[in-house]
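Structure, as structure tokens:
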Amino acid sequence: MSSAQQSASKPSAAKKKMASPTIRYPFWFGGSASSMAACVTHPLDLGTTNLCETVPPSRANSSDALSIQIVSRNCEKLTWAPAPQVRLQTRQGNAPKTMSGTFVHILKNDGVIGLYSGISASLLRQLTYSTVRFGVYEELKTRYTRSGRKATFPALTAMAVTSGFLGGIAGNFADVLNVRMQHDAALPPDQRRNYKHAVDGMVRMAREEGFAGYFRGWLPNASRAAVMTAGQLATYDTFKRMLLEYTPMGDTLTTHFSASFLAGLAAATATSPIDVIKTRVMSSSQKQGVVQLITDISRTEGMGWMFKGWVPSFLRLGPHTICTFIFLEAHRKLYRAAKGIDDGKN
């Protein structure tokens, strides 16, 4: 075969790898895959959530506590409740200061089962938040591509932002429960909420704080979920397509792992500045606008402030993102096999 013929065959081979009719997968696939991933990464999630900055007892009881979110740059989870009722979701003064120390502390006091403290709330969050964001994203993408248009990165990002925002609203109440139940294991016994499970937590939240408690902090939570989803879903599809088109890699586990790893990096990087800003705003005792806050910390700390806490954020997001997409691709593969669709198709 001549060199011209060989070069002509390469693009056609790449097109063959990508060529496939659009398949509408079940809406719940994303929530199911994310729930499976949560079962794998929950202990790591628990360790990073409990690595929070110490709050002096005087501040914990002070009136300037306002509505506390979280007061550590290294924690991304949010807990919202009014100061008179909330128990600060922060590390106590005598609590472990490292992730390994946190694991040892939990194992010593609660055993292996303590590493899965709050798993019911974590699963509830994935079954609400992730089901909606994945389901809406895939539906929008299917409708967009069925008209013959190619889903470019800007288009995928717009779809991901929309679906992530909706998912953040749907899963807001479960996110609050998730943080509270995870953090309980690191608290002294007399300070624990001791929710029996997610349903018990929902009932008690409604009874003690009212149904409005389910939606406290919904706007920043949903906004962060929008950025998170763009950083995960849109980048995963883009990286996967690039790997298939420009490398010899096929639609295999190696490709899924590589694309999801890169998506985890992108998500951790995209959400890091948001986490730092929200942390500073909510932990500050002074009234300060977001623009002024950004100006002040940029002047005093340089642009490096945007990535404080990036490592613990990636330690949670990276493994969960990888597991989620690997499980999601497994769902898709089984679905194609059940429907008799060529397994080489996406």
Side-chain angles (χ1 to χ4, degrees), residues 10-25 27 29-30 33-34 37 76 129-168 222-275 303 306-307 310 313-314 317-318 320-329 331-332 344-346:
K10 290 181 180 179
S12 62
K15 289 180 181 179
K16 186 176 181 181
K17 286 198 294 185
M18 294 299 297
S20 64
T22 303
I23 302 171
R24 178 180 270 110
Y25 294 100
F27 191 87
F29 270 15
S34 296
E76 66 163 281
Y129 160 66
S130 288
T131 297
V132 172
R133 69 179 184 133
F134 271 91
V136 173
Y137 174 78
E138 291 296 333
E139 182 63 26
L140 291 175
K141 186 173 67 174
T142 298
R143 295 192 178 197
Y144 187 89
T145 55
R146 275 191 171 176
S147 61
R149 292 176 292 182
K150 181 179 180 180
T152 61
F153 181 69
L156 291 173
T157 300
M159 298 175 203
V161 166
T162 301
S163 58
F165 191 84
L166 294 175
S223 299
R224 186 184 183 281
V227 176
M228 169 71 72
T229 304
Q232 286 181 318
L233 275 62
T235 56
Y236 175 78
D237 281 341
T238 301
F239 285 131
K240 179 184 174 183
R241 182 168 60 199
M242 291 175 66
L243 289 171
L244 292 174
E245 288 183 344
Y246 301 110
T247 73
M249 301 171 71
D251 194 2
T252 62
L253 180 61
T254 303
T255 302
H256 304 158
F257 178 88
S258 301
S260 58
F261 176 81
L262 293 171
L265 286 173
T269 303
T271 57
S272 181
I274 300 175
D275 290 338
M303 297 308 294
M306 299 177 65
F307 303 104
W310 184 92
S313 178
F314 176 72
L317 277 177
H320 188 270
T321 301
I322 292 170
C323 290
T324 296
F325 284 111
I326 286 177
F327 284 128
L328 180 62
E329 294 290 358
H331 279 56
R332 291 171 173 173
K345 298 174 181 177
N346 293 324

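What's counted below: heavy atoms across the whole structure, side chains too, no hydrogens, waters or symmetry copies.
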- Task: Scan residues 254-269 for pairs that pass side chain to side chain donor-acceptor pair (under 3.5 Å), counting only residues two or more places apart or in two chains.
- Result: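 Side chain to side chain donor-acceptor pair (under 3.5 Å) check on residues 254-269 returns D251-H256, T269-W310.
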- Distance from S130 atom OG to H320 atom NE2, nearest 0.5 Å?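 Here the interatomic distance stands at 6.0 Å.
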- Message: Test side-chain contact (heavy atoms from CB on, under 4.5 Å) on T271 and L317; report intermediate values, then the result.
- Response: CA-CA 10 Å; T271 57; L317 277 177; 4.1 Å; yes
Just so I know, are the side chains of [X] and [Y] near enough to count as touching, which here means a heavy-atom distance under 4.5 Å?
| X | Y | value |
| --- | --- | --- |
| L156 | K141 | yes |
| R224 | F165 | no |
| V227 | V161 | no |
| K150 | R241 | yes |
| R332 | I23 | no |

Partners of [X] by side chain to side chain contact (heavy atoms under 4.5 Å, CB included), sequence neighbours excluded?
| X | value |
| --- | --- |
| A263 | T235, Y236, T321 |
| F261 | L265, F314, I322 |
| T131 | F27 |
| A160 | Y137, T229, A230, A234 |

- Using the side-chain contact (heavy atoms from CB on, under 4.5 Å) rule, take E138 and R24 through it: C-alpha gap first, then chi angles, then the decisive distance, then the call. CA-CA 8 Å; E138 291 296 333; R24 178 180 270 110; over 6 Å; no
- Task: May I ask you to say whether K240 pairs ionically with E329, meaning some side-chain N is under 4.0 Å from a carboxylate O?
- Result: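 E329 and K240: salt-bridged.
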- For Y144, what residues pass the ring-ring contact (aromatic ring centres under 6.0 Å, His included) criterion, not counting sequence neighbours?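 Testing Y144 for ring-ring contact (aromatic ring centres under 6.0 Å, His included), a comparison that skips the adjacent residues, returns none.
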- Sequence neighbours excluded, which residues qualify as side-chain hydrogen bond (donor to acceptor under 3.5 Å, both in side chains) partners of S163?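 side-chain hydrogen bond (donor to acceptor under 3.5 Å, both in side chains) check on S163 returns nothing, list empty.
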- Sequence neighbours excluded, which residues qualify as side-chain hydrogen bond (donor to acceptor under 3.5 Å, both in side chains) partners of T145?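 side-chain hydrogen bond (donor to acceptor under 3.5 Å, both in side chains) check on T145 returns T22.
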- Item | Any residue meeting salt bridge (Lys or Arg N to Asp or Glu O under 4.0 Å) with R143, in chain and number order, not counting sequence neighbours |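 So R143 forms a salt bridge (Lys or Arg N to Asp or Glu O under 4.0 Å) with E139.
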- Query: So Y25 and T142, side-chain contact (heavy atoms from CB on, under 4.5 Å) or not? Walk me through it.
  - Reply: CA-CA 9 Å; Y25 294 100; T142 298; over 6 Å; no
